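Computed from a predicted model, the values in this text were never measured in an experiment.
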Amino acid sequence: MLIIDKLNFSYGDLQVLWDISLEVHQGEIVTVVGANGAGKSTTLKNISRLVKPSSGSITFLGEDLKGLESHQVVERGIVQVPEGRKIFPEMTVMENLLMGSYLKGTRKDRQANIERAFSLFPRLKEREKQLGGTMSGGEQQMLAIARGLMANPKLLLLDEPSLGLSPLFVKIIFEIIQEISRQGVTILLVEQNVYQSLKISHRAYVLETGRVVLSGDGQELLGNDHVKKAFLGM
Amino acid sequence: MTIFLQSLVSGVLVGGVYALIGIGLTIIFGVMRVINFAHGDILMLGMYLAYYLFTLGHIDPFVSVLLIIPLMFLYGGFLQKVFINRVLNALPQNQILLTIGLGLIMSNTMMLVFTSDYKILTTKYSSASFQALTTIVNPDRYERRYNRGNALLEKAHKAQATDKAALYARASEKFAEAVSIHPEQYRALNNWGIALDGQANLTKGNPADRLFEQAYAKFTEADKLSPDDFDIKYNWARTLLHQAGQKQGAEAQRLLTEAAQKLDAGLDSNSDSVAGLNGSALLHYLLAKQQSGPTADAQYKKALEQYGAAIAAASTSDDSTAPDFSGTSSAAARALLAKAYDAYQPPFKAKPDKRGAGISVSTPLAISFVITCGITLLLYWFLMKTNTGQAIRATAQDREAAQLMGINVKRMSIIAFGLGSSLAAAAGALISPTYYIFPQVGSTFTLKAFVITVLGGMGSIVGATLGGIIIGVAESMGAVYISSGWKDVVVFVLFLLVLLFKPSGLMGKSRM
Amino acid sequence: MTTLRTLFADTSGRSTVTIIAVLAVCAALCTVPFFVHNPYLLHIMILIFLSTIMGESWNILGGYTGQYSVGHAAYFGTGAYATMMMLQFRQVAPWYGVWVGLAAALVVALVIGSICFRLRGPYFVLASIAVAEILRLCTLNLPSFTNGAEGILATGLPPFTIGETVITDFSTKVPFYYIGLALALLTILVTWLVQHSKLGYFFQAIREDQDAAHSLGISLTLYKNIALVISAMLTSLAGSFYAIYVGFVDPPTVMALDISVQIVLICIIGGIGTIFGPVIGALVLVPLSEALRSNLIASLIFKIGLVSPDSKFGGFLNDNLAHAHTLIYGILVVIVILFMPDGILGFLKKLTARRKGGEA
Ligand SMILES: Nc1ncnc2c1ncn2[C@@H]1O[C@H](COP(=O)(O)OP(=O)(O)OP(=O)(O)O)[C@@H](O)[C@H]1O
Ligand SMILES: [Mg+2]
């Protein structure tokens, strides 16, 4: 579905991604793990074309994304839930959700999508009229995911959805990710929570200082010595 | 109290237009984080559009606004697409300089095409006003005396010579009582001056001089209270003319000169008053007769000019132009004026102000305020309720997140700049009947727009609306209670105080 | 510290060359009045010097320290007014009046600094404009002190004497030429000294990242104010020079926002944060805008035969093109910002670097 081939990227003179190659297949949950500053978010930004790669190609459903603007990538069905949630602070929960289905093609499903969001996150329904900026961190994370789902994504890019959440919330979030996946959405997940995410993912990649150093089956990587040492503290 | 209310009302009315300017700037800043230094110049373009649509197309500025808004929307969108979008990621300084450059190009191009002459758009209602809140002023005691004075004054004008003096004296008395009740009522002061002038005119020698001096004092005070009032200056000039009629030589010349100065100053704001132009022509003609050489020639020239303008203003058809006397020689001018003014004394009638006490509201400002409210409400609706409006707000709140929602932020920027420009230009069109129009007028408004947006909090629309009104009121209060020269200082000091102590603005929010 | 040393190490060779070149140009400029007698050409040279002084002065605060003041008319006007008021109201010769101007600019700068340096970025820009406007409005509204809107007209300069000998009576443009040249060289020298001292290093640190500079122990308030004071005093010199050269000051010509903007543009167009940027800016802007002002461009258009001077459009150009000399500022700044963000100097450097790169 998504094929990244030899992607290189620099912020000015500082190269942060080196020959990244990565694939996501239809229906999968694929996880990218790596230490802080490894380049995970940057990879997602390249996919969403918030930044433009210096070389290499990204293809989605057979189409090269080269030359597209970010909003066109969303039109193709790639939706990112960014790191740090990025809720619109001066808009209500409802308005935030509606912005999620801003694109023309998704507006007809608005009502159904809102219902789905509320059934996944009943908490949001209670706070429909609250301003986004005044919600708690965990609530904002729920809202961010719900907002992402409003656009009927084919591929959902989740950047550290469990960041800063209490263990209970983390558990709920991972359950919801699996639920979303069961509803037919392909997921590319970036996580620091290596154990949880590898457990639910079909395949995974390990990123170190901008390079893919390991890849494979989720369960398999959980047993990998390097992964154990570097991320699981074992 | 009346003065306070008067300046409050005119401040709020002007403030409405200021709000429009501020909202335009704040939308641009909110979405692009670019401070638009060309904002006032875009407003200037709006003024010129309104001016030419009026003079060439005979479209009233309050109607042409509907044309100017979409036109300047396209223009703003064009500026964004071609220039501003390229520097969105550049240093803020460079963005500022780019807009400064664009503003310079706009104002200088206009200067090239239309020269730097001041233009005045005079509509039928340019200097019209109406009374509001008449009941606020103590209606009983004041109004009774004021009305009585007016009636006596009218009677005196029509009365036989033998009764005139007594009637004028009684009118003076009534106005004096009225003024003692409401010392700030410039109408009563003005009419008092007329009554005193009437008395003086019927007297001679020292007593006459004393009365003329009293009248002069009344007009001075009335003029201070209502500096833009044409009628006061007109009556003042008339009194000076009468006094000059009782004098000779240098003294007469001094009085005539002062009269001409007063009347011409009044004509600045009311350039189409037939009586005024006629009076001015007469004054300059009389002055010319007192002088010789080039100074006399200059006076003849000025007198002819005013005479021509009076003829043009008096004719009812729209397309008549002033007779062109530019080539007329001094001697010919003299003959022409002698025929017009020596043969018979033209009517230089007093203009008692019969409007009741209360607050006078400038008609064009009131109309523009209503239109401003309409535009603002429409804008709120657009931003809060439509998809595109919401997308603009989303872009302002978080550009990157907006992109991830599939919003084309470049397009939103174009729309935002277009909106900002059309609001500035609309403000320009709305104030065109009450302001001088010239290519450099923009920078004043750019500065005002900054003050307004910072006051309200950069990027906040509600803040800009409030900020506009606060600045409007601060200006008009400053002009009345301090002086018109210092009113801008008041505004800038307010601006600095807000910058220093509440940089997020009075609304405390920095987002749309 | 190492960065400083390496900085000197690899520029020392180049800077000797530059110094020799500068000295040669200076010598050449000193001889100009001996064979150029056309007062108009001298006038243009004087304007170039004046613009250089203004641009270099702003550069120290805006270019090196990164504080974009758009209110430098305040200091220009302070210098101009102080000198003129001393001359006309107190009969003090301008070469003493200048010192009053400098002192006044120092005070004004410290007051403005204490207000504006609490703010950053666009807020600083806006505050600097507001303060300059307040100063202009005060000048306008205090006629008993400043002569208000009428301005001050110099009725004559006393001759400049040393002992008994009259050095000059200012009857030609030549003395102004040398004063302008000397002041321009002085500001360039000051800029050079600033750039090659610890001060310049601190200034640039503040420009690059205020917070980082602060965390390194550089006092923001102190160094920003030092930069402002140097910049303001040099600008005040420019104002004094302008006042005695033109012989007339009034609020719109020496204190208006336009002046502040022009000062910034000289620097931006030439190249910000470089020693010779403002010189380039002055060299480009002054002749261009003078050519427009004096109708040279219009007559050139006629000469080429693009437009006939007798046609309606030709007449229009003849009458109006002269009014549009600031149009050139607008056009140039737009071109520079869009296509050469480092100014003309930076653009030329890049071009030559590319050519060298191509050859290698
Ligand atoms: N806008 C930027 N400009 C310059 N460098 C940047 C920028 N954004 C990120 N970087 C650098 O790029 C590298 C990769 O950053 P990235 O955000 O992709 O890391 P990450 O893997 O997502 O880390 P984390 O787990 O902390 O989110 C880091 O060294 C970071 O400092
Ligand atoms: Mg990250």
Audit row: Phe495(B), Leu126(C), side-chain contact (heavy atoms from CB on, under 4.5 Å) steps and yes/no
CA-CA 9 Å; Phe495(B) 175 58; Leu126(C) 295 179; 3.7 Å; yes
Where do Ile331(C) and Leu104(B) land on the side-chain contact (heavy atoms from CB on, under 4.5 Å) test, with the steps shown first?
CA-CA 8 Å; Ile331(C) 295 175; Leu104(B) 279 176; over 6 Å; no
Contact origin within Phe37(B) toward chain C - heavy atom pairs under 4.5 Å:
side chain
Part of Ile129(C) within contact of chain B (heavy atom distance under 4.5 Å):
side chain
State, with a plain yes or no, whether a side-chain heavy atom of Arg136(C) is found less than 4.5 Å away from one of Phe492(B).
no
Under 4.5 Å from any heavy atom of chain B, what part of Leu119(C) do you find: side chain, backbone, both or neither?
side chain
Arg399(B): side-chain hydrogen bond (donor to acceptor under 3.5 Å, both in side chains) partners, not counting sequence neighbours:
Ser413(B)
Measure the shortest side-chain to side-chain distance between Asn94(B) and Tyr68(C) over non-hydrogen atoms and say whether it is less than 4.5 angstrom.
yes
Tell me the closest heavy-atom pair linking Val334(C) and Gly101(B), and the distance in Å.
CG2-C, 3.8 Å
Begin with the C-alpha distance, continue with both residues' side-chain angles, and end with the deciding distance and a verdict on side-chain contact (heavy atoms from CB on, under 4.5 Å) for Val131(C) and Leu496(B).
CA-CA 8 Å; Val131(C) 178; Leu496(B) 282 180; 3.7 Å; yes
Side-chain heavy atoms of Leu97(B) within contact of Val336(C), under 4.5 Å:
no
Given side chains that start at C-beta, do those of Tyr329(C) and Ile100(B) come closer than 4.5 Å, heavy atoms only?
no
Identify the residues of residues 260-271 of chain C whose heavy atoms come closer than 4.5 Å to a heavy atom of chain B, ordered by number, or report 'none'.
Val261(C), Val264(C), Leu265(C), Ile268(C)
